[in-house]
Structures are given as structure tokens and as C-alpha cells.
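This report concerns only the one structure given below.
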Amino acid sequence: MSNGFTRRDFLWSGVVSGIAVALVRPAQAFAAAPVRQPPPLSAWDAEAGRMRHRIDALAKVTGEKTFGFDMRAVDLPGWPDTQSHAMLLRATRADGVYAGIDLGMLEAGLQPDRVVTAQDLERDGIAIADGELLLRAGTTPAYLGQAVAMLIWHDFARFRAAKTILKSSPGAVRFEGGGQPLVRDPWASLRYVRVGGQDPFADDVYSSFKDKALRPARFVKQAPEWARSDALDAAGLAHAQQIAEALEQPRLGQLVLEREYFSQSIEPAPLETDNGNCWYESADGTLHVIVATQAPQEILQHAARMFAASRRDIRRILLTPCHTVGYGAKEASMFQLLPMIAALYADGRPVRLANDRYEQFQAGTKRHSFHIRYRIAVDRASGKFQVFQARLVGNGGGRSSGSPIVGFATLVGAQSLYYFPRSDLMSTMQASRAVDAAAVRGVGMVQSIGATEMLVDEVAQELGLDAIELRLANVLRANMKNTQGAIPGGELRGAEVLHRMAAHPLWRERQRRKSAYEAEHPGRLYGVGAACAYREYGNGADAAYAGVALSPDGRIELRHVAVEIGTGSTTSQAYACAKWLGRPADAVEWGQTRWPELPMQTSENPRTISQAAQDLLAQNPYWTPYISSPSSASNSSYYFSHATIEASRFLFMHGLWPAAVAIWSRGIGGGQWASSAVRPEEARWVGGRLTAGGMTPLPLETLARKAYELNLVTGVAVHDFSRGQWTESDFALPSGVERWQIDGLAVRRGDGGGPAAGGTPTAGGYCFIPRTRVAYPAVQRNNAGFLLNSVLGVLAEVAVEKASGKVEILRHHAVLECGNQLVPELVSGQLQGGAAMGIGHALHEYLPLYEDGPGNGTWNFNRYKLPRSRDVAVWTQTAEILQPLSGSDPYKGIGELSMMPIVPALANAVAHATGHRFRELPVSADKILAALQSGPGAQARNRSAT
């Protein structure tokens, strides 16, 4: 099967660990079952110059949107019509020795056609660095739900019957004896210490950004022992000790408050479970892969490394991207590798491995559970925060997965909305026998921001201050430093959001409303809570490819690395072209990992590389610190759009603008152009036509024809990289040396067949333009935290039923600042969906961590409570969005932020209603009822979760 995969494709697809890796376009793979996504222009309002709705909206609500879960071999051109099916057997214990499997409960006709064990993988040289793919007999499982064997059937009827029996027969996985679970060192630990100067704008005495982030030299009894390898380590630890002493011995006029909080493990609940369908062609060593993933580039790399030492003849891996829904659960999961392994043992047949709902609960990655201890010192007279200490301990489960990045993000989020002159923040991500935990939506900040916002309300109560006024007294403002000692980018509009919240009737009239409501409803208690937070967007190290091309008849074609995971990124990226090209892309190819026209190379980890290594490697014009970010961390609207906009801008400046000037200059004496003074920055698209300084408006089709006629730029591919600051590069172009915020550039002139104007020919008529100079962001910026923020404030109005403890959300109101909106309907959808997830986290959702939790294979939605529409005030939720400061404000990410402030806002609202502070999530009805029954002033029960 070729799938249109040519020798040139092979040469330029990329090689990892000696294996060629490439992407197959969806149109090729799904010719028999096309991805039903209409063209972007179907949602374009040309008169208003905006998108009316997401382009896949109709397909989504009618069930026509195709996911990886829907793919079968018979639907895929070139694949065999036969389809095999696989399942995994998993350990439901982590305290005994695994002694193999027993399939005796299956009659002869239902026995699998192939059983794959760790012994097979070891024999064939298939392994990963992070844990075991399948558990070896004679060892203790590292975690509940760990896979021990893979079973394959060559027909569905036998597979379905056998799977039903095996799922109801726990004896299939055998253990010998009892014992203790494995004890392992934490996955990661990190510490940020900061001591500010005389005021928020003076130089810091010490900070992670200015000096050094603290890391452990080793772990002793699962606790970090902090390194003292140099003077900066010693200075940081000395400052941390002084902070501790200041909290132990408060000054006169200081309030010191210490509180502990708990945030539970939850199920991300993506509607598409983990799945894959793969086929291995042994004749030519090709592995065809369809998997549900947020990070196709990373999956290709992991797969190539997994098979690098394999005795199997795997020469190339072709990955087909699909729509998926992830919430972060499909980014660092090991599952996506397992269908590929199944294909190697399926006797040359395509094999499908897909979780059902019980299996997804048992093995799908979860949100980290956290224990949090905060200590804060506040000046009683002014309400100013002075010292902040945080100790955050996350349960990372059985594999490292996303724990290191979650630990880092949790520390960054602990600051929430505020400026702290002195702070000592520490996170430790423990290894345990719990199910894997990943960088689920919120990436640790749901836990730390939520606790901070509950703490601030308690401080306000202790001081007798209005909770929003206290926030205003301490809000982080422009040019102040974060807890890592770096200055966030742009104007910070938290104070503006807080003022809007304070003026809202829900807050302003809360005491009057409480009295009136409770008088009218004797069996109910009324409360209003507030919370507000900055939330950074992006992964800390972000990179993307984007390619924009113009056809001779004026069609705009966009290729992008973004994967559509439900955020509407395909819509927003199509629209991002309009800024420079006058309308959205006519066609979008998403999830692209193959860029033969721009063959960038990478090595090392962008978060751990040394400055010297980066400086040396950057001399290679093809090198970049990072190839592509996964679709996560709200990175599409800003980081992915940057690549799209830069590619579109280059196409405009070197294709459309000179074409327009050539048309306007026609005629004697230089035509209408000669007597005018017009600059490119004056260009405007009006009704789909380009004009500037009174020049005749020109349609895109006319400009495209002229660009092809004059052999101007008609296609651009760019690669960019950000580390809280964009890379800048100089390129020698026919017009002179130009500086762009990218690190890789390839262009096509005309139809690609004419003479090249510099550069190295690559593929598809493109030429790679080597940069003559590059300025990558300093590696030290890894210690700066995240530096670009959106801000969201939430007011929550609740009623608590005295007899049951049940909480009813009467209304919630959001105030959001997100810069300019790409597609307002998508912003609205993110606010509503994020609020629903946050409500679930605050009031309903809970997973036990260990033996009675999902790892035992008995959990499904019959036991796990997700909020329904009746639980989220679906008809009474409201929102207001601040106007941007100007039309040049960035497009800010808000998908993660949208679920955060509502969690503490609800906890604070319940406290206002009941007079009890609840510091353990979820704030469920049984906890509230117990607190109400225990008498006035009592605290809620503190259920152990360990």
C-alpha cells in the first residue's frame, strides 16, 4: 500500500532512531470514510469580517464528525478488509507477585489467537524508557491497572464473547502471596525562593529567574534533600530558612495564617476513550498507525525509539491524525504505543485496541490529587501580603507521565492573582500505586490556584475585610514580578476585572439577598462566593509549524501542526489567516507532522539544555530547540496562531503586496501609484478586496494571478519557538536582510518551477532560506515561569439545603480578559464548558486513589458523578468580556483558565452560606451535612485520602 507515499516523501519525512516517520494525510487515509469537515468559508461572514461559528459545528452535533475510535480496516483504502481485535489484561492488585495469566475460564473456541507477554517484548527488543509496557511475571506491579498481557482475536464475535467472560472473571491474572506495594522515590521535586527588593519594581535580592531554581540532590525516605552544589543553592536555602523563621515569629501587627487543603483525583472523562487501529506490513517494514492523541509528533518519536532496538523489521511508521478529545489525558499516556505493538503480533492483519468505559476508568490517566499546606503573613493595618510559603505534594501514580510538568505548573499557579514580596514554594510529585496521573486540563493550577483563592477569603474574614477589596490591595500589576522573579508580559488587567466583580449586584447586594432569600426559603442557606486568577497559557517551551499557500485562482490553503481536540483550533487557525490575507483559509490540513519543505532538526530537551549547548547547536540553520508542541495548555489561540500569522504576513509582504503595487503601477508614468504616498502598513482588506491609501480595491483572485505571473512568493512554511519570548532570526532575501519572529523559513515562488531566488530547494517547489543570525531566548528563561496571562473572575451564587447538604447553583457570572477574540463563539463555549468541569471538581467528582478506586476495574459512570445540565445553572450563567486595549492585543489562551476560579468561588460561596470553611474537595453534600449537624463554627470533617 502506498497511500501516495513517494520516495521523496520518504527522504523528507524524518528519521528517528533509524526509523523513518511520516504522516499520512486524512484525505488519503479516509477516502472511503472522509473526515466530514466543511470548508472554513462556510462559517465566514464576509460582510462583518468574522467567523459565525466553528466550522465543524454541524458535523459535531449531528454525529458526522469522525474520530479515531470510528475507524475500521474495511473503511481504509489499501488496508485489508479483515479486522482483528485486542484487549489488555490488567493487574487489580499492587501488593503481591504477578504469577502469570490463566485463561482456563475460556472454552477452546474462545481462546485468543495470540497472547503477547513481557517475555515476547523482551525477546523482540521492544522497550520504553519510562516503565514497562507489560509486567514481567515474578515481579510486583508498580501500580493498580498495570497491563500484564495483550490478547488478540482475529474475529469480532469470539473477541466480544471472550472479553465479556474475562472482564467478569478476576482470576485471569494470578498472584502469589501478599506483601507491600513498591516504594519508590518521587517523580520530581522543585522549589522557587524569592526575596524582593525595597518595592515591587526594585531588583530582587534573590529569585529563581535572577539566580537559580532549587532542585534536590537526592531523596531520603521519599523526601527531597536540597542540593548545595554552589553558592546560589546555599543562598536560596538560607533565604528559605529566613522566610520560615519570619512565619514562626511574626512581627507585631502581622497576621500569620496556616491552612491545609486537599484536591482529589478525578477522571478527565473524554468522550472518546483511548484507542488505536494499526497494521504492520512485514513485506516492506511499514507500520500504519491510527491513534487518538493530542501530540502526534511526540507519539512518532516515542514509537521510533521504542522500536529502535527491535528485532522486528520496522523501516517506517506512517501516522494518520484524527480528531480526538483529550483534556490532557492523551498527551503523556503510554496507551497510544500499545496498538502499535499489537499490530506486530497480529499475523499481518490490522488490529484494533480500544478501551471500553470500565477500561478507561481503570487505566486512563487521571488528574493529580494534591495535599497543600499554605502559610501566609499579612499586615493587619493595610491588608498587604508579606510572606508566602507553600508545600504542595501531588500523587503522581504509577508512572512519571506528566508529573514533572504538573509539579512545575502547580508552583507557578500558587501565586494566583497576587504579588508576594517574599515567597518559598515547593512541590513534590510522589510515586505511588495509584493509576497514572497526567497533565489534565488545568495542569496542577486548578489545585494550587483553588487553594490560594480559598486562603485569601479566610484572610479577609480574619481581618474583617471585604474579600474583593483585599484582592485589590494585593493584585499583581504591570511590571511587578511573579514568584519566580520575572515580569509578566503586557498590561495586567486583574484590578479591572476585580472592580467589575465588586460592582456586580451579586456581590454588592449579597448580604441583603442572603437575608431575603433565607426568609423566603426557611430550609435553605444562601451564599455568594468570589474568586479571581491569572492563568498563564502555553507549555513554557512552545513551537509550531504553519504553512500557508495561495493557488493561482486565489484559494488559501493552510497546513498546521494543531490537532483538533474540541477547542475549535481548526476554525481559529483558518481565521488567523484573515488578518493578512483578507479571509480565512479555504482548506485546512491539521495535525501535520511531515514538513519536507522545511526539514528542521532537533535534539536535547528545551527545558534542560544548557546555554552553551544551545549556542553551539544554533549554528546549524536547520536546528531548533523543539519541533512541535502538543495541542494542550491553551496554546492554540496565541502560540499556534503566531506561526499562522507570521506565515500569512510573509506571504502578504512578499507576494500579495508587490503584486498589488505592480497592478496599481500599470500605465503611463507609473499609473495611479506614482502620484500617491502609500505604505504597506496602510493596507486594508475591505469586502474581500485589498486597498491602501485610496488605491483601487483588488480581489484576492486578481492578486494571486499577478503573484504567479511575476514569480512572487505564493507559498510560505515557517517554524517558530518561544520560551516566554519569541525567537528572532535574520534572513537574506532579495529585498534585503529582514528580521522575523521565527527560526525556520521556506518559500515557494510562482508555481515552484521557475528560478529560485536564493535558498536550497527542498520539496514541492519550496526553497529553504537559511537564517543568517538567530537569537533564541536564554535558557535561564526556563526559571521564569509562564509570562503571558489571561484573567478570569467568577461570582457564584448558591443555595444549600439544610436537611441534605445539597448545593444548588442559582447563578454564576464570569468576568474575563482575553485580549482580542479569534472566534467569540469559541470563547463563549470554552467559558461554559470550563465552568461545567470546574463545578464537577468543586462539588461532585471524586476517585479513591487505591484498591477501592478505578484501578480495580469496577468503575464506570454509574459510580462516578459528573455534573448534569441541572447542576451547572445552564440557563442562568452569564459572562462579560473586557474590550481589548486595542486591535493589536494578542489572542490569549483561556481554555485552561475557564475551569479554575469557579472551583474556589463555589467553596467560598458555600462558606458564606453555612459559616463553615471546607478545605477538602469536593465539597459534597455529606460533608456539608456533617458540618451543619456538628454545630456553629465547627469545621468540616477531614476525610483521609491517603
Side-chain angles (χ1 to χ4, degrees), residues 192 194 196-197 199-204 207-210 383-385 388 409 411-421 423 425 445 448-449 452-453 456 467-503 530-538 540 633-635 637-639 722 724-726 781 784-794 814-821 827 831 879-898 900-901 904:
Y192 289 135
R194 176 177 176 267
D199 60 59
F201 310 103
D203 289 342
D204 284 346
S207 74
S208 302
F209 183 41
K210 173 176 169 285
K384 290 284 190 180
F385 300 158
F388 184 43
L411 289 188
V412 173
Q415 180 171 9
S416 186
L417 194 72
Y418 312 108
Y419 175 75
F420 294 100
S423 55
L425 316 178
M445 294 191 188
S448 60
I449 286 175
T452 302
E453 287 301 289
V456 169
I468 292 182
E469 291 300 322
L470 178 64
R471 288 173 166 86
L472 278 166
N474 291 282
V475 64
L476 186 75
R477 299 175 186 267
N479 295 312
M480 290 182 174
K481 302 179 189 68
N482 63 16
T483 47
Q484 292 72 50
I487 298 174
E491 172 69 359
L492 301 180
R493 301 178 70 185
E496 191 174 346
V497 169
L498 288 169
H499 280 299
R500 295 282 189 103
M501 293 171 66
C532 190
Y534 290 125
R535 202 301 185 183
E536 300 82 355
Y537 45 92
S634 300
N635 59 3
S637 59
Y638 177 74
Y639 290 99
S722 171
Q725 176 183 346
W726 287 110
R781 294 185 72 84
F786 299 120
L787 298 176
L788 297 173
N789 299 276
S790 299
V791 58
L792 175 65
V794 172
V815 184
L816 172 68
E817 189 280 312
C818 62
N820 277 295
Q821 301 176 69
V827 174
L831 275 177
E880 55 183 303
I881 299 175
L882 301 190
Q883 289 296 312
L885 298 176
S886 75
S888 64
D889 281 21
Y891 306 117
K892 298 185 177 183
I894 60 111
E896 308 266 344
L897 174 66
S898 63
M900 293 181 183

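- Here the shortest heavy-atom pairing between G490 and A478 reads O-CB, 4.2 Å.
- Under the 4.0 Å criterion applied to side-chain N and carboxylate O atoms, R477 and E491 are not assigned as salt-bridge partners.
- Between L885 and R493 there is a side-chain heavy-atom pair separated by less than 4.5 Å.
- Between the side chain of R194 and the backbone N or O of S423, no donor-acceptor pair lies under 3.5 Å.
- The closest side-chain heavy-atom distance from N482 to V412 is not below 4.5 Å.
- If you check the side chains of Q484 and S208, you find no donor sitting under 3.5 Å from an acceptor.
- Residues A531 and E453 share a closest heavy-atom pair of CA-OE1, 3.4 Å.
- Using modelled atom types, no side-chain atom of D204 and backbone atom of S207 make a donor-acceptor pair closer than 3.5 Å.
- By the 4.5 Å heavy-atom criterion applied to side chains, Y639 and W726 are counted as neighbours.
- Heavy-atom minimum distance, A486 versus P488: O-CD, 3.4 Å.
- Of the possible polar contacts, none joining the K892 side chain to the Y638 backbone as a donor-acceptor pair under 3.5 Å is found.
- With K384 contributing its side chain and A473 its backbone, the two residues share a donor-acceptor pair below 3.5 Å.
- Nearest heavy atom pair, residue C532 against residue V497, reads SG-CG1, 3.8 Å.
- Y534 places a side-chain N or O within 3.5 Å of a backbone atom of L476 that can act as its donor or acceptor partner.
- Taken to the nearest 0.5 Å, the CG atom of L897 stands 6.5 Å off from the CG atom of L816.
- The heavy-atom pair separating I449 from A533 by the smallest distance is CG2-CB, 3.6 Å.
- For F786 and Y537, the gap between ring centers reaches or exceeds 6.0 Å.
- In this structure, the side chains of V791 and V815 stay at 4.5 Å or more apart for every pair of heavy atoms.
- Taking 4.5 Å as the limit, every side-chain heavy atom of E496 sits out of range of all side-chain heavy atoms of E817.
- The closest donor-acceptor contact from the side chain of S634 to the backbone of G895 lies under 3.5 Å.
- No donor-acceptor pair closer than 3.5 Å links the side chain of S790 to the backbone N or O of I894.
- Of the inter-residue distances, the one linking L792 atom CG with L882 atom CG reads 10.0 Å to the nearest 0.5 angstrom.
- Among all heavy-atom pairs drawn from D889 and G819, the shortest one is CB-CA, 4.1 Å.
- With hydrogens and angles disregarded, no donor-acceptor distance shorter than 3.5 Å links the side chain of R471 to the backbone of V456.
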As a quick check of understanding, evaluate side-chain contact (heavy atoms from CB on, under 4.5 Å) for V794 and M501, giving each step before the final call. CA-CA 8 Å; V794 172; M501 293 171 66; 5.8 Å; no
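- The shortest side-chain heavy-atom distance between H499 and L472 falls under the 4.5 Å cut-off.
- By the side-chain hydrogen bond (donor to acceptor under 3.5 Å, both in side chains) test, T483 pairs with Q415, sequence neighbours left out.
- Residues I881 and Q821 have side chains in contact (heavy-atom distance under 4.5 Å, counting atoms from C-beta outward).
- With S416 contributing its side chain and T452 its backbone, the two residues share no donor-acceptor pair below 3.5 Å.
- A donor-acceptor pair under 3.5 Å is formed between the side chain of N474 and the backbone N or O of G383.
- For A633, the side chain to side chain contact (heavy atoms under 4.5 Å, CB included) partners are N539, E896, not counting sequence neighbours.
- With sequence neighbours left out, the ring pair (Phe, Tyr, Trp, His ring centres under 6.0 Å) criterion links F385 to Y418, F420.
- Looking at V475 and L498, their side chains come closer than 4.5 Å, going by heavy atoms from C-beta outward.
- Distance CG/N820 to OG/S888: 7.5 Å, rounded to 0.5 Å.
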